[in-house]
Amino acid sequence: MAQHRFGGPWTERKLKALGEYLVAYQRIFTHNPKAKELKTVYVDAFAGTGERDSGETESGQQVFGYDEDMRRYQEGSVKIALSIPEKFHRYVFIDAKPGHVRQLRDLVAREFHDLRNRCLVERADANEWLQNWCQREDWRTQRAVVFLDPYGMNVEWKTLLAIGKTEAIDLWVLFPLGIGASRVLPGEMPPVGPWADRLTRLFGTDEWRQRFYRPERKTDLFGDSESWTRIASVDVILSFFLERLKSAYAQIVEHPLILENSRNSPMYALCFAAGNPRGAPTAVRVASHLTRS
């Protein structure tokens with residue numbers, strides 16, 4: 001089996017932030033008397049193979065610049081979650097590809113045999129599965145951490161909204177800043193067709209047009225005409241996404257961890273949002289420390 005090579009220090013920063021948060025989260029739910037009464041669930045909704053071995057290249061990935069350099073930092077979250085000292089009551093790993101699902105199941109059986117009864121590996125569309133799961137679960141008796149590490153702009157706002165409505169889930173999401181949202185925004189006019197639809201599904205509104213572009217009227221020999229100028233830097237795009245997150249969650253981390261590639265270009269922002277109003281201050285305090293340290 002081919003093995004992925006590690007990226008640079010930014011790879012370790014992402015995995016370190018996630019891993020240390022899960023440790024702190026489980027420490028609370030195993031030592032706090034009231035919290036101990038609740039079951040805890042960890043969900044990795046774009047789990048891949050669970051290892052650093054995916055060298056696939058697809059047309060969609062190439063459009064977003066989702067090449068080997070960009071894939072390196074993604075792998076490892078499954079092992080991180082399963083390896084923390086104080087275990088979750090349940091683990092859910094989701095991927096749409098049959099080959100990835102087989103490798104995830106093999107990984108659990110091979111390296112985490114004692115946790116196999118706690119692990120559910122699902123072949124499913126992550127957005128659809130999460131939306132249904134959020135609606136059907138009893139959130140009075142459990143809490144969860146959901147990690148969304150998407151392929152390009154595959155996370156839908158409906159999913160983020162459903163997670164927030166539970167008021168019981170802490171969310172880590174990799175927002176496709178440089179390789180997704182910014183890359184599909186041309187300079188001369190807003191995108192149309194599939195790319196526009198994708199952006200609207202991502203943000204949950206078409207307000208991005210007014211936030212990312214400025215209309216201009218020009219007069220020439222042929223009369224008046226309207227043109228557009230892109231005004232959205234990566235900072236503007238990220239601010240808009242954080243504003244949307246803030247509207248759906250109790251609290252968010254205001255300054256996410258920016259993940260850059262080997263050329264120091266921003267790819268993703270590792271964002272955190274806490275859904276539970278009572279637990280949000282503690283959760284955000286811990287997550288904020290991890291995203292800046």
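- Figure legend: cation-pi geometry between R244 and W157, with NZ or CZ positioned under 6.0 Å from the six-membered ring centre and within 45° of its axis.
- At least one donor-acceptor pair closer than 3.5 Å links the side chain of Q26 to the backbone N or O of K87.
- Below 30°, between 30° and 60°, or above 60°: for W129 and W133 the angle between ring planes is below 30°, a parallel geometry.
- For the pair L148 and V155, the tightest heavy-atom approach, listed with the atom from each and the gap, is CD1-CG1, 4.0 Å.
- For G76 against L15, the heavy-atom pair with the smallest separation is C-CD2, 3.9 Å.
- Using modelled atom types, no side-chain atom of S288 and backbone atom of R285 make a donor-acceptor pair closer than 3.5 Å.
- Nearest heavy-atom pair, L18 versus W172, reported as atom, atom and distance to 0.1 Å: CD1-CD1, 4.2 Å.
- With ring centers used as reference points, F147 lies 6.0 Å or more from F93.
- Remark: Y249 engages no residue in a ring pair (Phe, Tyr, Trp, His ring centres under 6.0 Å) (not counting sequence neighbours).
- Residues H31 and E86 have side chains that bring a donor and an acceptor to within less than 3.5 angstrom of each other.
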**Study point:** Working for side-chain hydrogen bond (donor to acceptor under 3.5 Å, both in side chains), residues N127 and T159
**Key:** CA-CA 6 Å; N127 287 289; T159 302; 2.6 Å; yes

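- Salt-bridge annotation for E243 and R211: present, with a side-chain N of the basic residue lying under 4.0 Å from a carboxylate O of the acidic one.
- Of all the heavy atoms in P186 and Y213, the pair that sits closest is O-OH, 2.6 Å.
- S77 and D44 share a side-chain donor-acceptor pair at under 3.5 Å.
- Of the possible donor and acceptor atoms, none in the side chain of D95 sits under 3.5 Å from a partner among the backbone N and O of V101.
- Between R140 and D138, at least one side-chain N (NZ, or NE/NH1/NH2) sits under 4.0 Å from a carboxylate O, which counts as a salt bridge.
- With I169 as the partner, the side-chain contact (heavy atoms from CB on, under 4.5 Å) test is satisfied by one option alone out of V145, V41, V146: V146.
- In plain terms, the two heavy atoms of G275 and D170 that are nearest each other are N-OD1, 4.0 Å.
- Between E188 and R230 there is no salt bridge, since no side-chain nitrogen of the basic residue lies less than 4.0 Å from a carboxylate oxygen of the acidic one.
- The 12-atom threshold is not exceeded at CD of E128, counting heavy atoms of other residues, nucleotides or ligands nearer than 6.0 Å.
- Among all heavy-atom pairs drawn from A269 and I258, the shortest one is CB-CD1, 3.8 Å.
- The ring pair (Phe, Tyr, Trp, His ring centres under 6.0 Å) with F240 is formed by just one residue from the set F203, W208, F175; it is F203.
- Of the N and O atoms on the side chains of D149 and Y268, not one donor lies less than 3.5 Å from an acceptor on the other residue.
- Not counting sequence neighbours, the partners of H89 by the side-chain contact (heavy atoms from CB on, under 4.5 Å) test are K39, T40.
- Aromatic ring pairs are classed by plane angle as parallel below 30°, tilted from 30° to 60° and perpendicular above 60°; the pair F88 and Y42 is tilted.
- Between Y21 and Y25, the ring planes are tilted. Angles from 30° to 60° get that label.
- The pair R90-E137 meets the salt-bridge criterion, since a charged nitrogen lies less than 4.0 angstrom from a carboxylate oxygen.
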